[in-house]
Amino acid sequence: MNVLELRSFYAYYGDKKIINDINMKIEKNKITAIIGPSGCGKSTFLLSLNRMLEESGGRAAGNILFNGKDIYSMAKEEIRKRIGIVFQKPAPFPFSIYKNLTYAPIFYGIRDKSRLREIALDKLKISGLYDEVKDELGMSALKLSGGQQQRLCIARALTVEPEVLLLDEPCSALDVKNTANIEKMLINLAGDYTIVIVTHNLYQAKRISDYTAFMLDGELVEYDETVRMFSSPQDRRTREYIEGIYG
Amino acid sequence: MNVLELRSFYAYYGDKKIINDINMKIEKNKITAIIGPSGCGKSTFLLSLNRMLEESGGRAAGNILFNGKDIYSMAKEEIRKRIGIVFQKPAPFPFSIYKNLTYAPIFYGIRDKSRLREIALDKLKISGLYDEVKDELGMSALKLSGGQQQRLCIARALTVEPEVLLLDEPCSALDVKNTANIEKMLINLAGDYTIVIVTHNLYQAKRISDYTAFMLDGELVEYDETVRMFSSPQDRRTREYIEGIYG
Amino acid sequence: MWEVLDRLFEKSIKLLAFISLLLLSFIILFIFKESLIFFRAVPILKFITRNTWNPLAAPENLSILNIILGTLYVSIVAIIIALPIGVGSSLLLSGYVKEKPRLILRGLIDVMAGVPSVIYGFIGLLVLVKFFERVFDFSSGESVLAGGILLSIMVLPYIISTCDETMGKMYEKYSIAAKALGISKGYIIRTIVLSQSIKGITAAAVLALGRAMGETMAVMMVIGNAPIMPKLLGKCQTIPSLIALEMGMAEVGSLHYHALFAAGFVLMAILLIINIALFYIKRSMSQL
Amino acid sequence: MKKISSILFNAWILLSGLLALLSAAFIFIYIVKNGFKAMTWEFILSNPAGIPLGSEGGILPAIIGSLLLMLISCVFASILAISTAVYIVFYCKSKRMESLAHVVIQCMAGVPSIILGLFGYTFMVANLKMGRSLISAGLTSGIMIFPFIQARVEKTFREFSSSMLFSSYALGTTKLYTLLRLVLPQSIKDIVSSVTLAGGFAMGAAAPIILTGAVIFAPIPKSLSSPVMALPFHLYILTGEGISTEKSYGTALVLILLLFIINSVSISLTFWRKEAAK
Amino acid sequence: GCTSQAPTTPADSEPAAGDKPDEMKTEFKAQITFNGSSTLAPVISAIATDFIEGYTTWNKVDPSFPEENIAIYVSAGGSGAGVKAVLEDTSDFGMLAREIKSEEKEKIGDAKDFTLGIDALTISINPENPLVKLRDSLTTEEVKKIFAGEYKFWDELDSKLPHKEIVVVIRDLSGGAHEVFQKSVMGETQIRPDAIQSPSMGALVTKVIENKDAIGYASFGMVNQNKGKLIPLKVDGVEPTEENIVNGSYKISRPLIVVKRGELTPEQKAFMDVVTSEKGAEIIEQMGFVPVK
Ligand SMILES: Nc1ncnc2c1ncn2[C@@H]1O[C@H](COP(=O)(O)OP(=O)(O)OP(=O)(O)O)[C@@H](O)[C@H]1O
Ligand SMILES: Nc1ncnc2c1ncn2[C@@H]1O[C@H](COP(=O)(O)OP(=O)(O)OP(=O)(O)O)[C@@H](O)[C@H]1O
Ligand SMILES: [Mg+2]
Ligand SMILES: [Mg+2]
Ligand SMILES: O=P([O-])([O-])[O-]
């Protein structure tokens, strides 16, 4: 089943076309990886999916259907609630860990203390951060290590119960251990959430994703099951990109 | 032959001990990689080697010998001239490419125009940047791409003819292609320079280094030839770290 | 619920911002309007190119070339004195003073900037002017130079705080990389911080020039207020002091009254040009 | 050659630092030394007296008046200036509107305070019949500090990490919620410090209030429409009419001390913020 | 004296006399404002402070007044500002340290003015000026030449004096003194344009006190307040003394005037009665001026 479907979708910054005529379906409760060289439009692609593109000054054309409904006809707040995003550089709010996790739920009207606490702890557990911080929920989130901050941001994105989780190079600034933690977590999440992850680490794409999309200059060059894509890429450019360096 | 030797070396930030009793020799004209989880003290270790630790508010105890002489008994400017360092985030000076490369030589008293030009072009060639920028030496260095900036910073570090080059995660913000360029360059440099590189990318350590040191909580857990280290780690913790994820 | 509040908030913010901008525009237009009446009677060119100011003659003789020149002269002298000192101090602050003392010093600089001009004027009259008379044996110490020196002390805090801001950032940004090359602090400050702060320094100079030209009370006490062609060691008159001295008597609606507005308008026009320049300097700086 | 230029350079920056420090120290010491004699509790806590008025007694109504003027101008200016800053940074979508706003504000920042005084008098006091009053003078000073507050607050907002804003919007929260729960807690200290600093300027300025509301004698004002005494104007009269040098220095000292107190509030706020950020 | 009850039914406040309740309803103004001459402002404020401290509320001044706090405000901006404030209705009373010009009176319309005292402009010099020992009088012609800039150095006035520049200090245009001096001494002749314009009488006097070569027209009141620090010269042999000023033989004098448009309200009258009373005169005298007897 498809959660998201792009139909001749274009994205622009000013007059510059960044995403060029993409048609693509993203399957529910699977992990889809987006790969491609720097500047090819991966981040822009991701931002388009939950209308954050508008906030960064971009402009979209074409359709993106979310469960069959065009996202540009829905309220952007709702879209963002249902499609969460996590960026490359973790940006925890300068509050306590706990407050980071209740920030959005409070906005969505949850006032009940015990309910809030439940949400916070639940998401911390999901993101594998619980054991590391359970005694320091009041500590400023800025004091966490990079990897912990990133996991906190993922937990925070989950507090609004999104159906889709977009991740933009979430591990690029992290060390092996933290990366492993996050990958483990994503694989666990995949049962309940649809995950789209941008990565420049091909090994990572290979390790965790079910589907992989290769982008070049704003175009979708190839899109296939990960296993197939890495073993027998159809397009010459994909092959070059995958084999190019470490081949 | 050893260029650097640490003897029961400790480093502190305030009262916090970051580097704990390290004894280690670094071989000349080889690449030594430092690996270890985030926060284990890799950067601090590197900063200690050319006394930049003092600038970031840290404090050292114990000895580091550079060609047999204790670096803390030498002028820190001299140490830094002879042991260059390049950081994770490239920080070119806000001058032209050319001026970035002549900045330090002029400080060290070189006035002769043709000599300066020679140095600049030479280092550009070594860092593999020459072909890309040869027609635009007057362009602001800030306009270069991230990977180019990083290579420029390496070239700049080389302009003072250091004997040792320290690199702190130089590729973590770069894409595959730029990373490959820099790795190629480092391998080329290894004949003439001693290189110490901190990386969180185990593959990178494996690909380019002769020796690898694994640090944990400020201690040197294991230090060996890279091939040996990755094939048969002696320490349980090293094994766990290396295998932990992709094992 | 938030959506409703959000819309309400956005509306009121827009309204308030709109009111503010409208108010400011109104004030500017108001001053413009009051001067326009004067320019109908006296052509603007005559107003700014002749040099006799005598509102009591009949018919009045109202031209302010001398006064414009006086305003510029005093302010430029002030900048010439204050800029090197201010830039030097900021370089010192940016590289050689630690974070905490620097914060305190910056606070003190803010206090300096807030010392009322009446106080400066008072000290200027009793100390500076007298010093000139004693030491240099001037017949009277009121002069462009006295005004310039006093003003230079007054604008110094503005220059320092504007420069220090850019310079501090520059130093922070590049010092580690430069130190890693074994380069000394002095050389870093001299070659990177100074050369990269040129735009910041220009901005500071322009800001200070604006302050200096608009300063009233202090300048009025030490320049002698004689509407003659200004000389460095002679007396002069500035537009703000002209307005301050004569606004009391100029009856609303009289030509003299409108002439004072017109003088203010000329000052604003000069300042506006300077400020627009500043705006573009700032913008090109942020694009860096 | 390298030596000489570096020595010259060091001499220059040291000397200028010294000069700047000396001139500041001179002004403070001069005022403190001369004003110290006048500083008694009676001077601070009583009304001016004597013939001519002000040659004896104290300056209590002027202190209160100045504080009230500061309060009014701060409240007025900060509501408008902060709203304008919020609008420009968070709501204004058109670049042209933004530039236009900046030009108007820059333009205003360049208007000398004496001209604002003239405006305040003609428009508020005479045309609107608000009379010489606390409110006219406060509003005129408020207009004077508006550009200052606006610029500083705008800068504070602009420095706020855009990735945090981005993250907040990405959670589907609205702008208002983000502003209230995320931006405000982080920038409130900077805002307060800008406002207090501006308040200090408003308190020290004589030019905008001479025509719009300051008088030689008034008791502590009871309504917005009463004229007030104010420290800078009192100082101006004491010196201008040669009434009493001792009391002038005393008044100057009180004014500086008040500024000092206000500024230390702002300094400690900045300190606090920097500490908290660590 | 000030204790004498303000007349409740004086001839010149007709409306109030007839109908008291009506007066209460319409416009009792507890607040009186003055603006204008910086010379006169301290005098009025001193009287006002006394008045307020003595009575506190209006009903203590006159039982027929309501029990409201007395508020009298004085501000200063120069004599020009006094006329201006009355014309523009921004103050109840204007204060002037010069004659009201007839065209000003005309513009005000129904002008009521009270002359409170006389001030003189003394031609004053620094005590260290050698002129003090040489002569104690200047002729009007000499004064005129000095101020017009015909004499630029002291030795041009008298060859025994040193060759030093004469520093002429004047008031700015908004002060009453400027006009008085122009009219009674300079006539058609212009004052030299490079004279120092002091923003206030205090600054003018300070300048003369501080500068050995300075000469300026210091107010008689200020000279009395700074006895010995500056030396007033005789003009045409006439010394600026109280007597000479009153009898008019010292010519450079100016009246101290309070002016108002229209009739005084009873409460304004109550205050002005005190101003023009013995008590007021005393204060005027204390300030160094000559009260009108
Ligand atoms: N806010 C923006 N305004 C204008 N242009 C932008 C903006 N963000 C990105 N771009 C441009 O859009 C193009 C695609 O950028 P994008 O960030 O999507 O690439 P990417 O594939 O994510 O690259 P990377 O791997 O380096 O993150 C680039 O050329 C970039 O310069
Ligand atoms: N300037 C500093 N002041 C105080 N403590 C510091 C400073 N720099 C680093 N530390 C602390 O020293 C410890 C080691 O830091 P270091 O940067 O050396 O780790 P690292 O191994 O380089 O980590 P990473 O892989 O994340 O870069 C950390 O606990 C860190 O909090
Ligand atoms: Mg990207
Ligand atoms: Mg590190
Ligand atoms: O008393 P004056 O201010 O008019 O000189």
Give me the atom names and distance for the closest heavy-atom approach of E/V167 to C/S140. CG1-CB, 3.6 Å

To check you understand the geometry: which heavy-atom pair defines the closest contact between E/E210 and C/E133, and what is its length? O-OE1, 4.1 Å

Do other residues, nucleotides or ligands put more than 12 heavy atoms under 6.0 Å from the [atom1] atom of [X]?
{"X": "C/F32", "atom1": "CZ", "answer": "no"}
{"X": "E/K101", "atom1": "NZ", "answer": "yes"}
{"X": "E/K212", "atom1": "NZ", "answer": "no"}
{"X": "E/K152", "atom1": "NZ", "answer": "yes"}
{"X": "C/F30", "atom1": "CZ", "answer": "yes"}
{"X": "E/R135", "atom1": "CZ", "answer": "yes"}
{"X": "E/K112", "atom1": "NZ", "answer": "yes"}
{"X": "C/F18", "atom1": "CZ", "answer": "no"}

Below 4.5 Å, heavy atoms only, C-beta onward: do C/L126 and E/T206 meet side chain to side chain? yes

For chain E, find its close neighbours in residues 208-231 of chain C: heavy-atom separation under 4.5 Å, sorted by number, or none. C/M220, C/M221, C/G224, C/N225, C/A226, C/P227, C/I228

For chain E, the option from C/S139, C/C236, C/G141 that forms the most heavy-atom pairs under 4.5 Å: C/S139

Highest number of heavy-atom pairs under 4.5 Å with chain C among E/V169, E/D172, E/L87 belongs to E/D172

Between C/K235 (side chain) and E/Q197 (backbone), is there a donor-acceptor pair under 3.5 Å? no

Calculate, to the nearest 0.5 Å, the distance between atoms NE2 and CG belonging to E/H178 and C/L245 respectively. 11.5 Å

Under 4.5 Å from any heavy atom of chain C, what part of [X] do you find: side chain, backbone, both or neither?
{"X": "E/S79", "value": "neither"}
{"X": "E/E88", "value": "side chain"}
{"X": "E/K207", "value": "side chain"}
{"X": "E/L173", "value": "both"}
{"X": "E/Q182", "value": "neither"}

With a 4.5 angstrom heavy-atom cut-off, could you sort out which part of C/N54 is near chain E: side chain, backbone, both or neither? side chain

